[in-house]
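Take a look at the following structure, please.
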Number of protein chains: 2
Amino acid sequence: MPVTVLLVDDEPLVRAGLRAVLEAQPDIEVVGEAADGAAVIPLVRRLRPDVVAMDVRMPLLDGIEATRALLRTVGAPPKILVVTTFENDEYVYGALRAGADGFLLKRARPAEIVHAVRLVAEGESLLFPASVRRLAAEYGDDGGNRAARAVLERARLTEREGEVLRLMARGLTNAEIAARLVVGTETVKTHVSAVLAKLGARDRTQAVIAAYESGFVAPG
Amino acid sequence: MPVTVLLVDDEPLVRAGLRAVLEAQPDIEVVGEAADGAAVIPLVRRLRPDVVAMDVRMPLLDGIEATRALLRTVGAPPKILVVTTFENDEYVYGALRAGADGFLLKRARPAEIVHAVRLVAEGESLLFPASVRRLAAEYGDDGGNRAARAVLERARLTEREGEVLRLMARGLTNAEIAARLVVGTETVKTHVSAVLAKLGARDRTQAVIAAYESGFVAPG
DNA sequence: GATCTCCTCCCCCGTGCGGGGGAGGCGGGC
DNA sequence: GCCCGCCTCCCCCGCACGGGGGAGGAGATC
């Protein structure tokens, strides 16, 4: 059965765009739309979507409050994909802290949007592009350790994948990582691919950026 | 004429190793050795080396003080390559602040060592692997702007190269950077190569790491 | 026992990347 | 005038990278 999606955005144009992009996929179905956060909860109760694609900035009830309300009041809540215009939107942090599963830039390419929806539907987190660095701030001043663990959990990286990401963020090639971990390069490639997928990164460079931006690795 | 090098390290073994590596090159000549920073200044006056490869941790006079003294007292001072065991050596920052032109890990491969010597001899800076992030701290809290400019100057990146590095650090591919800057991909490749060379980075991933570690781009 | 996750390793394949060259135009400085 | 730094674009070439599959073993869970 297809992935069902509810669109929440105050701009009809954006909703139409998302609908067009998503419905072009045989395995994704847009089951409803809402123009404001206040309308979300009853709609979710009725339509039971797998994913809610929700704008952060909306009149009446914004994406953060709507996310919080959804998670608090709905049993078995849908996955929440926060939609935003700006990479460094203050609201995004709030939404992620409120429990959103990922976020999506409005200027992302169709393929990326589809990818993001599928990913969160499968239970993965989408932290890239990572304005999530401030996660670190939440976790006090004991450095990046707890923050790193938090990122690990949010992105659902396995321990091994976390090790690989850390080595990627030190500039090592797959072969060097393989030597360091005493495994085959094919194994490293597998882990790297998993890391890229979970972080929503296109290549190792973006993964390293995400590692820095999320506080998974800290400068210094 | 060859590049002349003066070796300064309290461990004879290290000096011998550097000598062996460097003298294997037809265009590099080791013209002298010293076991402590205190002996450096007269030797430099006498030998006029192009490059001084200097350990940071030495008895009597360490690499930081020796660097400072060299730059203060010698007219047309040599390029100074700081040699260190650890990537995150506190002393390294001091040496770079004191005016050293680059640093070198003792565990670097011979080819890298040779490369570093040639590079600083040519007047380039070698900031990678970048424990230079704390440059940012020197420049107050006005964010990364002045720090970025400082890194630009230290690494002698041109304005265009700085732009390219910034886009690399946002995860863009060469083609995307080319589109953004409205130039050909070949042009971008040229800039990228220049950035890699000047930062001493092996690939774009390492360049991005250097950008973060140096404070050239800031998380957030 | 069956199922699941994780780690490990293997295949094929296209391509973006980076190194090696060279070259022309343009501006500023000597 | 000349030279030099910078930006621009071009060639060839090897390889690491990343996507697409598949598969076996260890360990935990049910």
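Every chain is numbered from 1, with letters handed out A, B, ... down the list of sequences.
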To the nearest 0.5 Å, tell me how far B:T187 OG1 sits from B:L181 CG.
9.5 Å
Between A:Q206 and A:R202 (side chain of the first, backbone of the second, donor and acceptor by atom type, cut-off under 3.5 Å), is there such a pair?
yes
Each nucleotide N or O in nucleotides 23-30 of chain C that has a protein N or O under 3.5 Å away: list the pair and distance.
none

What verdict does the salt bridge (Lys or Arg N to Asp or Glu O under 4.0 Å) test give for B:E163 and B:R166, after you've listed the backbone C-alpha separation in whole Å, the side-chain angles of each residue and the deciding distance to 0.1 Å?
CA-CA 5 Å; B:E163 287 184 70; B:R166 217 178 295 277; over 6 Å; no
Under 3.5 Å, which N/O atoms of the protein pair with N/O atoms of nucleotides 15-19 of chain C?
residue : atom : partner : partner atom : Å
C:dC17  : OP2  : B:N174  : N            : 3.4
C:dG18  : OP1  : B:R204  : N            : 2.4
C:dG18  : OP2  : B:R204  : NH1          : 2.9
C:dG18  : N7   : B:K189  : NZ           : 3.3
C:dG18  : O6   : B:K189  : NZ           : 2.8

Gap between atom OG1 of B:T4 and atom CZ of B:R48 - 0.5 Å precision:
10.5 Å
Listed partners of B:E186 passing side-chain contact (heavy atoms from CB on, under 4.5 Å), at least two apart:
B:K189
Tell me the bend of the helix from C:dG1-D:dC30 to C:dC30-D:dG1 as the angle between end helix axes, each from five pairs, rounded to the nearest 10 degrees.
40°
Quick check on contacts: within residues 178-186 of chain A, what sits under 4.0 Å from DNA chain D by heavy-atom distance?
none
To the nearest 0.5 Å, what is the distance between CG (B:D50) and CG (B:L6)?
11.0 Å
Grab the two heavy atoms, one from B:L196 and one from B:D203, that are nearest each other, plus how far apart they are.
CD2-O, 3.4 Å
Start and end of chain B contact along DNA chain D [non-hydrogen atoms, under 4.0 Å]
D:dC6 to D:dC11
Roughly how far, to the nearest 0.5 Å, is the CG atom of A:D55 from the CG atom of A:L81?
11.5 Å
Under-4.0 Å side-chain N/O to phosphate OP1/OP2 contact, A:R160 with C:dT5:
no
